[in-house]
Q: 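To start, I am sharing the structure in question, which I have written as structure tokens.
Side chains are part of it too, since the values below use all heavy atoms of this structure and drop only hydrogens, waters and symmetry mates.
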Amino acid sequence: MHYLILAGGNASRLANDGVSIPKPLVELDGKPMIGRLIDIFDSLGAESITVVLNFTMEMVFDYLYEKQSYVGQLRIVPVSTTSPLISLALGSLAISPGEKIIAVTVDSVFQETEFAAFVTRFESSNTGALMLYS
């Protein structure tokens, strides 16, 4: 399974509320949201994980470069758009045509067991190549 994390926004609402770090690095249960997703996808045997990331988020690039050393097939696609649709299109270009992809936004929150069951159903289905999980 291939996973696509959409993190192309600029987190302006969080910044307006005084949050000084980029949204992907905001912690959820003691771990950055983007790291939580990558670890879950890696534990599910991801063939690849592609992160579509706003090119201005240097702190997140640094975090992801560190994760690349122990997560196989972690790719980063820098973007200058805040459009989720364009981010989805650009990210999917990094994955071979016809491969099954699950795309999530960086702030997707779910129980790991529930998500694993969703992945199993999607893998065994005849559903198209792309599934958005929200």
Side-chain angles (χ1 to χ4, degrees):
M1 181 64 61
H2 300 271
Y3 296 92
L4 182 58
I5 301 172
L6 305 177
N10 56 17
S12 57
R13 289 180 298 227
L14 287 176
N16 289 341
D17 288 337
V19 177
S20 61
I21 62 173
K23 183 194 272 186
L25 297 180
V26 171
E27 290 191 359
L28 178 64
D29 199 25
K31 184 181 279 191
M33 287 192 291
I34 198 162
R36 178 181 178 273
L37 291 172
I38 290 169
D39 290 347
I40 291 169
F41 301 158
D42 191 46
S43 74
L44 292 172
E47 293 174 61
S48 72
I49 301 169
T50 302
V51 178
V52 181
L53 182 62
N54 186 308
F55 77 100
T56 65
M57 294 187 178
E58 293 178 28
M59 289 173 61
V60 184
F61 278 99
D62 292 343
Y63 177 83
L64 291 174
Y65 286 131
E66 289 178 22
K67 294 226 34 107
Q68 281 181 317
S69 64
Y70 67 91
V71 174
Q73 292 299 322
L74 176 60
R75 295 180 284 218
I76 305 166
V77 176
V79 296
S80 61
T81 180
T82 58
S83 165
L85 185 58
I86 294 173
S87 292
L88 179 63
L90 293 172
S92 65
L93 291 175
I95 301 166
S96 298
E99 298 287 343
K100 285 195 171 200
I101 305 167
I102 294 179
V104 300
T105 58
V106 73
D107 53 2
S108 294
V109 178
F110 45 75
Q111 291 181 344
E112 292 180 41
T113 53
E114 180 182 304
F115 185 76
F118 170 81
V119 170
T120 299
R121 286 190 307 273
F122 180 53
E123 284 179 320
S124 64
S125 74
N126 290 326
T127 307
L130 175 66
M131 181 65 66
L132 294 173
Y133 186 90
S134 61

Q: Rounded to the nearest 0.5 Å, how far apart are CD1 of I38 and NZ of K31?
A: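 That separation rounds to 10.0 Å.
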Q: With V104 as reference, evaluate L37, V109, L4 under the side-chain contact (heavy atoms from CB on, under 4.5 Å) test and give the passing residue.
A: L37
Q: If you measure from NZ on K23 to OG1 on T105, what distance do you get to the nearest 0.5 Å?
A: 7.0 Å
Q: With a 4.5 Å cut-off on side-chain heavy atoms, are Y3 and V119 touching?
A: yes
Q: Within the side chain of Q68, is there an N or O that forms a donor-acceptor pair under 3.5 Å with the backbone of L74?
A: yes
Q: Could you state the interatomic distance from CD (E47) to CZ (F41), rounded to the nearest 0.5 Å?
A: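 Spacing of CD (E47) from CZ (F41) equals 14.0 Å.
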Q: The test is side-chain contact (heavy atoms from CB on, under 4.5 Å); show your working for M1 and E123 and say whether it passes.
A: CA-CA 7 Å; M1 181 64 61; E123 284 179 320; 3.1 Å; yes
Q: Look only at the side chain of S83 and the backbone of I86, and say whether a donor-acceptor pair between them is shorter than 3.5 Å.
A: yes
Q: Within the side chain of R75, is there an N or O that forms a donor-acceptor pair under 3.5 Å with the backbone of A94?
A: yes
Q: Considering all heavy atoms of both residues, which atom of I34 and which atom of L25 are nearest to each other, and what is their separation?
A: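 Answer, listing the atom of I34 first, then L25: CG2-CD2, 4.5 Å.
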Q: Could you check F118 against I102 for side-chain contact (heavy atoms from CB on, under 4.5 Å), going step by step and ending with a plain yes or no?
A: CA-CA 10 Å; F118 170 81; I102 294 179; 3.8 Å; yes
Q: Return the minimal non-hydrogen interatomic distance between G91 and T50, and the atom names on each side.
A: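 That would be O-CG2, 4.1 Å.
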Q: Carefully, step by step, assess F55 and V79 under the rule side-chain contact (heavy atoms from CB on, under 4.5 Å).
A: CA-CA 5 Å; F55 77 100; V79 296; over 6 Å; no
Q: I want to check something: taking the side chain as every heavy atom from C-beta on, are V106 and P24 in contact at a cut-off of under 4.5 Å?
A: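 Result yes, sub-4.5 Å side-chain heavy-atom pair found.
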Q: Can you tell whether the side chains of R36 and D29 come within less than 4.0 Å, N to carboxylate O?
A: no
Q: Looking at every heavy atom in both D107 and M33, which two are closest together, and how far apart are they?
A: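 Nearest pair, atom of D107 first, then M33: CA-SD, 3.9 Å.
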Q: Could you pull out the closest heavy-atom pair between M57 and A7, with the gap in Å?
A: SD-O, 4.4 Å
Q: Considering all heavy atoms of both residues, which atom of S48 and which atom of H2 are nearest to each other, and what is their separation?
A: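 Between these two residues, the closest heavy atoms are OG-ND1, 2.6 Å.
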Q: Check the pair F122, F115 against ring pair (Phe, Tyr, Trp, His ring centres under 6.0 Å), reporting the backbone distance first and the verdict last.
A: CA-CA 10 Å; F122 180 53; F115 185 76; over 10 Å; no
Q: Hey, could you give me the CG/OG distance between L6 and S92, rounded to the nearest 0.5 Å?
A: 9.5 Å
Q: Atom CD1 in I101, atom CD1 in I95: separation rounded to 0.5 Å?
A: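 Reported to 0.5 Å precision, the distance equals 4.0 Å.
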Q: To check you understand the geometry: which heavy-atom pair defines the closest contact between D42 and I49, and what is its length?
A: N-CD1, 4.0 Å
Q: Could you give me the CA-CA distance, side-chain angles and deciding distance for V26 and I21, then say whether side-chain contact (heavy atoms from CB on, under 4.5 Å) is met?
A: CA-CA 7 Å; V26 171; I21 62 173; 4.1 Å; yes
